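One structure is given here, and the rest of the page talks about it.
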Amino acid sequence: MIKEQIEKMVHQALDEARRSGQLPSSDVPAFVVEEPRAEAHGDFSTNAAMVMASSQKMAPRKIAEILAGNLRRQQSGVERVEIAGPGFINFFLRPEAWHPVLQHVAERGDTFGSCDVGRGRRIQVEFVSSNPTGPLHVGHGRGAAVGDAVASILAACGYDVQREYYINDSGRQIRTLGQSVYLRLLAHFGREVDFPETCYQGDYIRELAAEVAAAEGEAILQWPEEKAVSHCARYACEKILAGIRRDLADFGVTFDQWFSEQSLYDSGQVDEAIAFFRDKGLIYEKDGALWFKTSAFGDEKDRVVVRSNGQTTYFASDIAYHREKFQRGFDRVIDVWGADHHGYIARMAAAIEAGGIERERFGVILVQLVNLLRGGEPVAMSTRAGRFDTLAAVIREVGRDAARFIFLSRHHESALDFDLEVARQKTNDNPVFYVQYVHARISSILRKAREQGMTGVAWDAEAAALLTAPEEMALIKAMDRFPETVAAAAEMLEPHRVTYYLMDLASLFHAYYNKHRVLTDDARLSRGRLCLVLAVRQVIRNGLTLLGVSAPEKM
RNA sequence: GCGCCUGUAGCUCAGUUGGAUAGAGCAACGGACUUCUAAUCCGUAGGUCACAGGUUCGAAUCCUGUCAGGCGUACCA
């Protein structure tokens, strides 16, 4: 909020300088106001003079002087202005200029950090969408954490967000699932069977087969194979999906909608989509198959939608699905995919553009793979005894909070080493505790304050005016950055920005805590510091909430 | 071969969307608990931002090329 005021001031100075003819050109390139790295460069700095140098045909420092001369900084909190380096204008604020930030945090409460840049526009985030052919593993967990956090962050920025899970309950992999269970079923009843490598190998298939066997008895052996396989497929699919839902719920992730791929076939939307693009001349026949002209929209080659054997491809239903998404009225659609699917983006984007939707309205977040480790050693991905890399197993071992925080502690496009040993540790190696500890510590202070009869946690301007220590100023300035951090995370679809912000704020708080006492003999100072830590706690909580991590009162 | 991603301290990674003297954690070394939670803090040390050009007032950031790693390159999903 302080930064916006400085920006406004610079714009005013610019207008003034142009009106008075000190600056000839009305061509004003975009400039930024930012917080300089070095303290000696002030609280804020702008490059306005430098970016205007060429259009004004003047030396940057000369322009800086003109702008500085036109700044109306009465009552602005700006103590002094310096021109430095090649033409930076540096602003030095009086400490009291920062104190309203605390009041602002107190007033906004849980909504501090939210904004309205989304203006209620509808945006869909589709994530996880794991095939219902086996349990979720760590990689899906990362996708879940990223997708959920992105959705929360977008919602905080004023978008109308919908979380969706696309169920691939159609096609070959479901048929294979049915066959896998059926074969295990036959073995269950003592039949000799070859279990091909192409079938799903996990032990959960055996368990599902045993369940079907218990429910149907040996009578199922008399069924036509086709009927038995599809019965197994349906049963297994539903059962596995229920498990996925449960795992995600345990992870704190819930969806607004579960969308079935099969429903696109049942409702005729796949055929409709193919007919639509065929009419537009974008689908043609070659070698007995139907091809989509994705190459006309930036893809490297055309793609098959109906194979020569008459079966549709996954791409065909995906075209129908994305068409359907936009027909539902979303301004923007974001898919969260595993990074190994990156080759799929071009064709999907092409199909969307071919349907008359602007390319920018479709976004893909690629989530890189997770290397699961234990004490630095890779965890075996699967064994006969069962998988150790399932999301459920990881949550059981390290807890929801640690798992989510670690998944969000890297840029989503870089591979992540997830060490179970570290995630379980309650030390500084494990950043989630470092951040949560701030919340617990402050909560503890507040409990203590209540015991001492200090209930005055309301905003107290007079007391806040006593906050002038460097550590206090650093905390207030950091909190002032929170809203723009959230906004940037939303714009870039990068939830890790919030994670790093929280670690930064936590670090500032722990340093402050070790140097200063909040509850002192000076009642007024104590009240001021309570205002400060109360605000810190609020911001920590708001940030953790966006990441889907709890903010404990005690640890 | 082509395409996408990545390359920053010994290790794991940030880097405010082109800003001033490149940051944090871990590991190493030295310190701080009679106190609101030491799950913490303070200090020391650590760099050819893979490499070479280019763009401009200014590049870790943008462009081109080279090298290295990962992934993709189906009438699979």
Side-chain angles (χ1 to χ4, degrees), chain A residues 32 34-38 40-41 45-47 49-51 53-54 59-61 84-88 90 131 133 168 170-174 176 261 286-291 300-301 303-315 317-318 338-346 366 368-369 376 409-411 413-417 419 422 425-434 436-438 440-449 451-452 481 484-485 488 491-492 494 496-497 499-501 503-504 506-507 509-520 526 529-530 533 554-555:
Chain A
V32 294
E34 61 188 352
E35 288 162 72
R37 228 192 305 266
H41 296 146
S45 172
T46 182
N47 62 353
M50 278 130 59
V51 298
S54 63
R61 286 191 70 109
F88 289 103
N90 296 336
N131 287 348
T133 54
N168 299 125
S170 166
R172 212 169 70 174
Q173 81 281 4
I174 292 300
T176 304
E261 178 187 10
K286 191 182 89 180
D287 305 330
L290 288 185
W291 297 71
E300 58 188 48
K301 60 179 225 178
R303 308 290 175 176
V304 171
V305 285
V306 180
R307 287 175 270 176
S308 50
N309 65 6
Q311 288 180 337
T312 52
T313 61
Y314 178 83
F315 184 44
S317 50
D318 235 3
D340 54 339
H341 285 64
H342 69 78
Y344 201 77
I345 297 175
L366 291 178
Q368 265 290 356
L369 63 96
S409 68
R410 293 271 179 285
H411 189 284
E413 274 186 16
S414 66
L416 170 69
D417 287 341
D419 198 314
V422 173
Q425 276 172 26
K426 300 184 172 178
T427 69
N428 212 356
D429 290 355
N430 192 355
V432 66
F433 291 104
Y434 187 79
Q436 288 181 315
Y437 191 38
V438 172
R441 269 186 152 173
I442 295 174
S443 298
S444 178
I445 294 172
L446 295 173
R447 281 193 296 273
K448 190 90 177 182
E451 283 170 23
Q452 295 178 3
R481 275 196 301 269
E484 65 198 65
T485 301
E491 191 190 335
M492 305 293 290
E494 290 178 345
H496 77 285
R497 288 169 181 261
T499 313
Y500 278 90
Y501 170 85
M503 292 195 283
D504 187 41
S507 170
F509 173 77
H510 287 311
Y512 175 65
Y513 182 91
N514 272 273
K515 189 159 178 185
H516 303 280
R517 281 188 63 83
V518 173
L519 303 175
T520 65
S526 300
R529 290 183 170 170
L530 278 172
V533 299
K554 282 184 187 173
M555 285 174 74

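Worth knowing before you read on, the calculation uses all heavy atoms, side chains too, and leaves out hydrogens, waters and symmetry mates. Small disclaimer: the values here were computed from a predicted structure and weren't measured.
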| query | When you compare B:A9 with B:A60, how far apart are their P atoms, in angstrom units rounded to a whole number? | reply | 15 Å

| query | If you measure from the ring centre of A:Phe88 to the centre of the six-membered ring in the base of B:A20, is it under 5.5 Å, with the planes under 30° apart? | reply | yes

| field | Nearest-angstrom distance, C1' atom, B:C67 to B:A20 | value | 32 Å

| B:U61 to B:U6 separation - C1' atoms, rounded to the nearest Å | 15 Å

| query | Looking at B:U12, B:C36, B:A14, which one has an atom nearest to any side-chain atom of A:Arg410? | reply | B:U12

| request: Decide, for B:U17, between syn and anti: a glycosidic angle within 90° of 0 counts as syn, anything else as anti. | output: syn

| request: Could you label the plane-to-plane angle of the A:His516 and A:Tyr512 rings as parallel, tilted or perpendicular, counting under 30° as parallel and over 60° as perpendicular? | output: tilted

| request: Would you tell me if any nitrogen or oxygen in the side chain of A:Ser414 comes within less than 4.0 Å of OP1 or OP2 on B:G7? | output: no

| N or O in side chain of A:Tyr434 less than 4.0 angstrom from B:A38 OP1/OP2 | no

| said: Could you check whether the side chain of A:Asn47 and the base of B:A20 have a donor-acceptor pair of N or O atoms closer than 3.5 Å, going by distance alone? | reply: no

| Separation of the C1' atoms in B:A22 and B:A59, to the nearest angstrom | 12 Å

| message | If we ignore hydrogens and angles and just use 3.5 Å, is the side chain of A:Ser526 paired with the main-chain N or O of A:Thr520 as donor and acceptor? | response | yes

| Counting only N and O atoms by type, is there a donor-acceptor contact under 3.5 Å from the side chain of A:Thr46 to the main-chain atoms of A:Val32? | yes

| message | Side chain of A:Arg497 only, heavy atoms from C-beta on: which candidate in B:U16, B:A39, B:C36 is closest? | response | B:U16

| In terms of the angle between their ring planes, are A:Phe509 and A:Tyr513 parallel, tilted or perpendicular, with boundaries placed at 30° and 60°? | tilted

| What residues form a ring-ring contact (aromatic ring centres under 6.0 Å, His included) with A:His510, not counting sequence neighbours? | A:Tyr434, A:Tyr437

| Is A:Tyr513 near enough to B:A38 that one of its side-chain N or O atoms lies under 4.0 angstrom from OP1 or OP2? | yes

| query | Are A:Thr133 and A:Gln173 linked by a side-chain donor-acceptor pair shorter than 3.5 Å? | reply | no

| Quick one: are A:Ser414 and A:Gln368 in side-chain contact, heavy atoms under 4.5 Å? | no

| Syn or anti for B:C49, with syn set at within 90° of 0? | anti

| remark: Nucleotide by nucleotide, nucleotides 72-77 of chain B touches protein heavy atoms under 4.0 Å in the pattern (B base, S sugar-phosphate only, - none) SSSBSB

| task | Would you indicate what A:Asn90 reaches in the nucleic acid, counting non-hydrogen atoms under 4.0 angstrom: base, sugar-phosphate, or nothing? | result | base

| message | Just to be sure I understand: a Watson-Crick pair is purine N1 to pyrimidine N3 plus N6-O4 or O6-N4, both under 3.5 Å. Using that and G-U wobbles, which stems of three or more pairs involve RNA chain B? | response | B:1-7 with B:67-73, B:10-13 with B:23-26, B:28-32 with B:40-44, B:50-54 with B:62-66

| query | Going by heavy atoms in the side chains, are A:Leu519 and A:Leu530 under 4.5 Å from each other? | reply | yes

| said: Please confirm whether the shortest side-chain N or O distance from A:Arg37 to OP1 or OP2 of B:A20 is below 4.0 Å. | reply: yes

